[in-house]
Engineer: 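If you scroll down you'll find the structure; I have some questions about it.
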Amino acid sequence: MATVTRAAPLRILCIHGYRQNSGSFREKTGALRKLLKKYVELVYMSAPHRVQQTGDAAQGKENEVGPGGDEAPRGWWFSDTQARSFDAGQQCQASLGLEESVEAVRTAVKDLGPFDGVLGFSQGAALVAMLCSIQEQNLEPQFQFRFAILVAGFRSACLEHQGFYGSPAPLAIPSLHVFGQEDQVISDRMSRELLPLFQEPQVLTHPGGHFVPAASAHRQTYQEFLKRFQ
């Protein structure tokens with residue numbers, strides 16, 4: 001009898017949202033890991049910047065740290081450089097911390113990789129779009145992602161980040177964009193603004209809010225996207 005050899009799981013680097021960390025994001029994507037366990041290995045990293053615990057953490061910001069998140073809440077950059085805080089809708093000239101975060105991803109790829117793809121959620125998805133731009137411009141040889149999954153992503157409103165969106169041609173990296181129609185943190189309109197930046201973006205919408213969807217109804221879309229890379 002012929003032996004059936006199963007393809008090795010795709011390794012995906014996971015980039016959490018603002019006020020999350022590797023532990024809390026791993027918890028919040030437990031259903032996704034279960035849904036795709038035959039196909040992927042999800043590897044988590046934490047952002048380098050600790051987020052201050054303030055009273056406005058629950059006022060519509062990404063207050064995403066769940067039980068079991070034993071690490072401090074973290075972020076990839078701050079839109080308010082004085083308060084060291086972040087709001088996806090805040091217009092700003094300059095941000096704080098992005099360079100260190102790109103360096104942290106570079107280190108994670110070197111130490112934990114190689115990776116087939118990268119997945120980001122919310123502020124992490126906004127960072128993933130920037131990483132794709134960096135990769136496409138051949139600015140970082142460590143980045144060799146074959147695909148990107150952006151959940152509740154958005155374009156940064158910071159002026160100094162607009163260069164990431166100025167490519168003369170859409171980014172060629174295959175991308176899956178996932179967003180909720182009832183997301184009150186990152187609206188589906190904000191997530192759709194990323195679509196023109198990619199050459200052939202695939203879209204998965206769900207009727208819910210600000211989370212990574214992983215119901216059985218979403219399995220086929222994830223699987224059909226991922227099987228191209230196995």
Engineer: Looking at Arg19 and Gln52, would you say the former's side chain and the latter's main chain have a donor-acceptor pair under 3.5 Å?
Structural biologist: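 A pair under 3.5 Å: yes.
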Engineer: Quick one: side chain to side chain donor-acceptor pair (under 3.5 Å) partners of Thr29, sequence neighbours excluded?
Structural biologist: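 If we apply the side chain to side chain donor-acceptor pair (under 3.5 Å) test to Thr29, skipping adjacent residues, the hits are Tyr44.
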Engineer: Scan side-chain atoms only and decide if Tyr39 and Gln230 contain a donor-acceptor pair under the 3.5 Å cut-off.
Structural biologist: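 Gln230 and Tyr39 do not have a side-chain donor-acceptor pair below 3.5 Å.
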Engineer: What is the minimum heavy-atom distance between Cys14 and Leu42, and which atoms define it?
Structural biologist: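 Here Cys14 and Leu42 meet closest at SG-CB, 3.7 Å.
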Engineer: Is the closest side-chain heavy-atom distance between Phe154 and Glu193 below 4.5 Å?
Structural biologist: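 Sidechains of Glu193 and Phe154: no contact.
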Engineer: Mind telling me whether Phe115 and Phe145 have parallel, tilted or perpendicular rings, with 30° and 60° as the class edges?
Structural biologist: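 Plane angle between 30° and 60°, so tilted.
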Engineer: Using atom types as modelled and distance alone, determine if a side-chain donor or acceptor of Gln162 lies under 3.5 Å from a backbone N or O of Cys158.
Structural biologist: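 Answer holds: yes.
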Engineer: Find out whether Ile173 and Gln135 are in side-chain contact, i.e. whether some heavy atom of one side chain is under 4.5 Å from a heavy atom of the other.
Structural biologist: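 Yes, close enough: below the 4.5 Å cut-off.
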Engineer: Can you tell me if His210 and Ser122 form a side-chain donor-acceptor pair at under 3.5 Å?
Structural biologist: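 Per modelled atom types, His210 and Ser122 side chains form a pair under 3.5 Å.
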Engineer: Would you check if Leu36 and Leu226 make a side-chain contact, meaning some heavy-atom pair closer than 4.5 Å?
Structural biologist: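 They are in side-chain contact.
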Engineer: Applying the side chain to side chain contact (heavy atoms under 4.5 Å, CB included) criterion to Asp116, which one of Leu10, Leu13, Ile12 satisfies it?
Structural biologist: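 Of Leu10, Leu13, Ile12, side chain to side chain contact (heavy atoms under 4.5 Å, CB included) with Asp116 is met by Leu10 alone.
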Engineer: In terms of the angle between their ring planes, are His206 and Phe211 parallel, tilted or perpendicular, with boundaries placed at 30° and 60°?
Structural biologist: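 Correct class here is tilted.
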Engineer: Using modelled atom types and a 3.5 Å cut-off, is there a donor and acceptor pairing between side-chain atoms of His16 and backbone atoms of Ala47?
Structural biologist: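 Answer holds: yes.
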Engineer: Nearest heavy-atom pair of Cys132 and Ala148: which atoms, and what distance?
Structural biologist: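 Looking at all heavy atoms of both residues, the shortest contact is SG-CB, 3.7 Å.
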Engineer: Can you name the nearest heavy-atom pair linking Ile186 to Ser191, along with the distance?
Structural biologist: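 Taking every non-hydrogen atom into account, CG2-OG, 3.8 Å.
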Engineer: Would Ser175 and His177 count as having a side-chain donor-acceptor pair, cut-off 3.5 Å?
Structural biologist: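 Judged by distance alone, the side chains do pair up.
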Engineer: In the structure I gave you, are the side-chain heavy atoms of Trp77 and Gln123 within less than 4.5 Å of one another anywhere?
Structural biologist: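 With C-beta onward as the side chain, the pair touches.
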Engineer: Give a yes or no on whether the backbone of Leu139 and the side-chain of Gln137 come within a donor-acceptor separation of less than 3.5 Å.
Structural biologist: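 Between the backbone of Leu139 and the side chain of Gln137 there is no qualifying donor-acceptor contact (under 3.5 Å).
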Engineer: Check whether the side chains of Ser95 and Glu160 place a donor and an acceptor atom closer than 3.5 Å, and report yes or no.
Structural biologist: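 Yes, because at least one side-chain N or O of Ser95 sits under 3.5 Å from a partner of the opposite role on Glu160.
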Engineer: Would a distance-only check, ignoring hydrogens and angles, find a side-chain to backbone donor-acceptor pair under 3.5 Å from Gln220 to Ala217?
Structural biologist: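 Such a contact is absent between Gln220 side chain and Ala217 backbone.
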Engineer: With a 3.5 Å distance limit and no angle check, can you tell me whether Ser101 reaches the backbone of Trp76 through a side-chain donor-acceptor pair?
Structural biologist: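 At least one qualifying donor-acceptor pair exists.
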Engineer: Taking the side chain as every heavy atom from C-beta outward, state whether Phe179 and Leu150 have any pair of such atoms under 4.5 Å apart.
Structural biologist: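 Of all side-chain heavy-atom pairs linking Leu150 with Phe179, none is under 4.5 Å.
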Engineer: With side chains defined as the heavy atoms from C-beta onward, is the minimum distance between Phe121 and Val128 less than 4.5 Å?
Structural biologist: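 A side-chain contact is absent here, since even the closest heavy-atom pair is not under 4.5 Å.
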Engineer: With heavy-atom distances below 4.5 Å as the criterion, would you say the side chains of Arg192 and Thr205 are in contact?
Structural biologist: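 With C-beta onward as the side chain, the pair touches.
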Engineer: Is there a donor-acceptor contact under 3.5 Å from the side chain of Gln20 to the main chain of Gly17?
Structural biologist: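 Yes; at least one donor-acceptor contact below 3.5 Å.
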Engineer: Taking the six-membered ring of Phe147 as reference, does the cationic atom of Arg228 (NZ for Lys, CZ for Arg) lie under 6.0 Å from its centre and within 45° of its axis?
Structural biologist: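 Judged by the rule (NZ or CZ under 6.0 Å from the ring centre, within 45° of its axis), Arg228 is not positioned above Phe147.
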Engineer: Considering non-hydrogen atoms only, spot the tightest contact between Phe229 and Phe225 and give its length.
Structural biologist: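 Minimum heavy-atom contact is CE1-O, 3.1 Å.
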